[in-house]
Amino acid sequence: MTDAVATHYAGDGDLAAAIAAQFRQAGKDLAGLRAADLASVDEFHIRGRKATLDIAAALGLDAASHVLDIGSGLGGPARTVAEAHGCRVTGIDLTQAFCDAATAMSGWVGLADRVAFRQGDATALPFDDAAFDAAMTIHVAMNIPAKDRMYAEARRVLKPGGRFAVYDVLQGEGGPVHFPVPWAREPSISHLATPAEMEALLTAAGFEILTTEDSTEDSQAWFEALVGRPPPAVTFKTFLGDEFAAMARNQVANLKERRIRTVTYLCRT
């Protein structure tokens, strides 16, 4: 199962090189890029960079904070959080190609000293107990059947009183998901929880849920705008391939028909 998930996201070849080539083709100088310039490809979640900034604000970070990003992908959220709050962020992701690209891209924008990425499994984190001040996971658990282990591990590595933000796609009341979608081309690697299941999982892992925010309507509007406007020079198509257009169309339908919902949980240990 983990191999199938990694293959889904890995793309074809050196992702950093492919992304760099597309930026250069668009007339962009890599040396002049900032973290925000990468958002069209590295903020790989619904509502993009704005959602990341909202999560970072809710975590109550400062320059002394050390944050764990579980399922860090190409490193967009980690870089956004580090840049906005001056803190350190460690990302972990199942896909080695993402970790390699995330490291390279962090160097482009001068954040290599504040972010680090390593390959690993969210259900068996390679970190000591109480190692982090805060943690976040953005659009990750949809691919993980053992969510109980994932959240138990997040709880284990957080310090007492640490905050944990979970922003995920959940199973809606409108019926089965239309595939392909950005996290799965077919159902075998898609494992959506319902909102009620999520609350039970987080509570069972030892978290206190402070706030719950359903952003489904905003997510629908965001995807409708994405489908309706000309694409930027570099997009998620870089690693998802030609199916990305169909994935985006299906996301609009899934959100509109409430087959999926987007919900953020802010928790505390």
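Just so you know, residue 1 is the first one in the sequence shown, and it goes up from there. In this text the structure is predicted, and so the values were computed from the model without any measurement.
For the residue pair Ser215 and Glu213, no side-chain donor N or O sits within less than 3.5 Å of a side-chain acceptor on the partner. Side-chain contact annotation: His45 with Thr262, donor-acceptor N/O pair under 3.5 Å absent. Ser65 and Asp62 share a side-chain donor-acceptor pair at under 3.5 Å. If you check the side chains of Arg258 and Gln220, you find a donor sitting under 3.5 Å from an acceptor. His178 and Gln251 share no donor-acceptor pair across their side chains, judged by distance under 3.5 Å alone. No side-chain N or O of Glu153 forms a donor-acceptor pair with one of Thr123 less than 3.5 Å apart. A donor atom on one side chain and an acceptor atom on the other are not found under 3.5 Å apart for Gln119 and Thr95.
Taking every heavy atom of both residues into account, Ala141 and Met150 meet most closely at CB-SD, 4.0 Å. The heavy-atom pair separating Asn250 from Pro180 by the smallest distance is ND2-O, 2.9 Å. Contact detail for His66 and Ala131: the closest heavy-atom pair is ND1-O, 4.1 Å. Taking all atoms of both residues into account, the shortest heavy-atom contact from Ala135 to Leu158 is N-CD2, 3.7 Å. Closest heavy-atom contact between Glu43 and Pro77: OE1-CG, 3.6 Å. Minimum interatomic distance between Ser188 and Glu186 (heavy atoms only, all atoms of both residues): OG-OE2, 2.7 Å.
No side-chain heavy atom of Asp128 sits less than 4.5 Å from a side-chain heavy atom of Val157. Inter-residue side-chain proximity for Arg185 and Met247 is flagged as met; some heavy-atom pair is nearer than 4.5 Å. A 4.5 Å side-chain heavy-atom check between Thr137 and Asp69 finds every atom pair outside the cut-off. In this structure, Arg118 and Phe127 have side chains that are in contact, with non-hydrogen atoms separated by less than 4.5 Å. No side-chain heavy atom of Ile260 sits less than 4.5 Å from a side-chain heavy atom of Leu170. Proximity of Val81 to Val115: side-chain heavy atoms (C-beta onward) are nowhere separated by under 4.5 Å. In this structure, the side chains of Trp183 and Ile189 stay at 4.5 Å or more apart for every pair of heavy atoms. Leu266 has its side chain out of reach of Phe164: every pair of non-hydrogen atoms, C-beta onward, lies at least 4.5 Å apart.
Separation of the Tyr167 and His139 ring centroids falls under the 6.0 Å cut-off. For Tyr151 and Phe207, the distance between ring centers is not under 6.0 angstrom.
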Given Asp29 and Phe23, is the side chain to side chain contact (heavy atoms under 4.5 Å, CB included) satisfied, shown in steps? CA-CA 7 Å; Asp29 178 5; Phe23 273 115; over 6 Å; no
Are Glu208 and Arg268 close enough, and set up right, to give a salt bridge (Lys or Arg N to Asp or Glu O under 4.0 Å), and what steps lead you there? CA-CA 5 Å; Glu208 174 190 2; Arg268 181 171 58 199; 2.9 Å; yes
Walk me through whether Val177 and Leu192 qualify under side chain to side chain contact (heavy atoms under 4.5 Å, CB included). CA-CA 10 Å; Val177 170; Leu192 301 188; 3.6 Å; yes
Would Arg34 and Glu83 satisfy salt bridge (Lys or Arg N to Asp or Glu O under 4.0 Å), going step by step from the backbone distance to the final call? CA-CA 9 Å; Arg34 294 180 58 83; Glu83 184 182 60; 3.3 Å; yes
Run Phe117 and Asp100 through side chain to side chain contact (heavy atoms under 4.5 Å, CB included) and show every step you take. CA-CA 8 Å; Phe117 303 93; Asp100 294 342; over 6 Å; no
May I have the step-by-step check of side chain to side chain contact (heavy atoms under 4.5 Å, CB included) for Val169 and Ile46, ending in yes or no? CA-CA 9 Å; Val169 176; Ile46 300 172; 4.1 Å; yes
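Put simply, Val252 and Phe44 are part of the same group of oily side chains (I, L, V, M, F, W, Y) that touch within less than 4.5 Å, one to the next. Hydrophobic clustering of Ile, Leu, Val, Met, Phe, Trp and Tyr side chains at less than 4.5 Å, counting indirect connections, unites Ile138 with Leu74. In this structure, Leu59 is not a member of the same hydrophobic cluster as Val263, with clusters built from ILVMFWY side-chain heavy atoms closer than 4.5 Å. Hydrophobic clustering of Ile, Leu, Val, Met, Phe, Trp and Tyr side chains at less than 4.5 Å, counting indirect connections, keeps Ile55 apart from Val140. In the hydrophobic clustering of ILVMFWY residues, with side-chain heavy atoms under 4.5 Å counting as a link, Phe132 and Leu210 come out apart.
Salt-bridge check for Asp42 with Arg79: passed, with a basic side-chain N closer than 4.0 Å to an acidic carboxylate O. A salt bridge does not link Asp218 to Arg47: none of the charged side-chain nitrogens sits closer than 4.0 Å to a carboxylate oxygen. The pair Glu173-Arg259 fails the salt-bridge criterion, with no side-chain N (NZ, NE, NH1 or NH2) lying under 4.0 Å from an Asp/Glu carboxylate O.
When each of Asp133, Asp129, Thr269 is paired with Lys159, the side chain to side chain donor-acceptor pair (under 3.5 Å) condition holds for Asp133 and for no other.
Within a 6.0 Å sphere centred on CG of Asp113, other residues, nucleotides and ligands contribute more than 12 heavy atoms.
Within the model, atoms OG1 of Thr264 and CE of Met198 stand 9.5 Å from one another, a figure rounded to the nearest 0.5 Å. Atoms CE and CG, on Met136 and Leu61 in that order, are 8.5 Å from each other to the nearest 0.5 Å. With rounding to the nearest 0.5 Å, the separation of CE in Met142 from NE2 in His191 is 11.5 Å. Residue Met105 holds its CE atom at 10.0 Å from CG of Leu30, rounded to the nearest 0.5 Å. From Glu243, atom CD reaches atom CZ of Phe179 across 12.0 Å, with rounding to the nearest 0.5 Å. Here the straight-line distance linking atom CD1 of Ile92 with atom CD1 of Ile70 works out to 8.0 Å at 0.5 Å rounding.
A donor-acceptor contact shorter than 3.5 Å links the side chain of Arg156 to the backbone of Leu125. No donor-acceptor pair closer than 3.5 Å links the side chain of Arg261 to the backbone N or O of Gln171.
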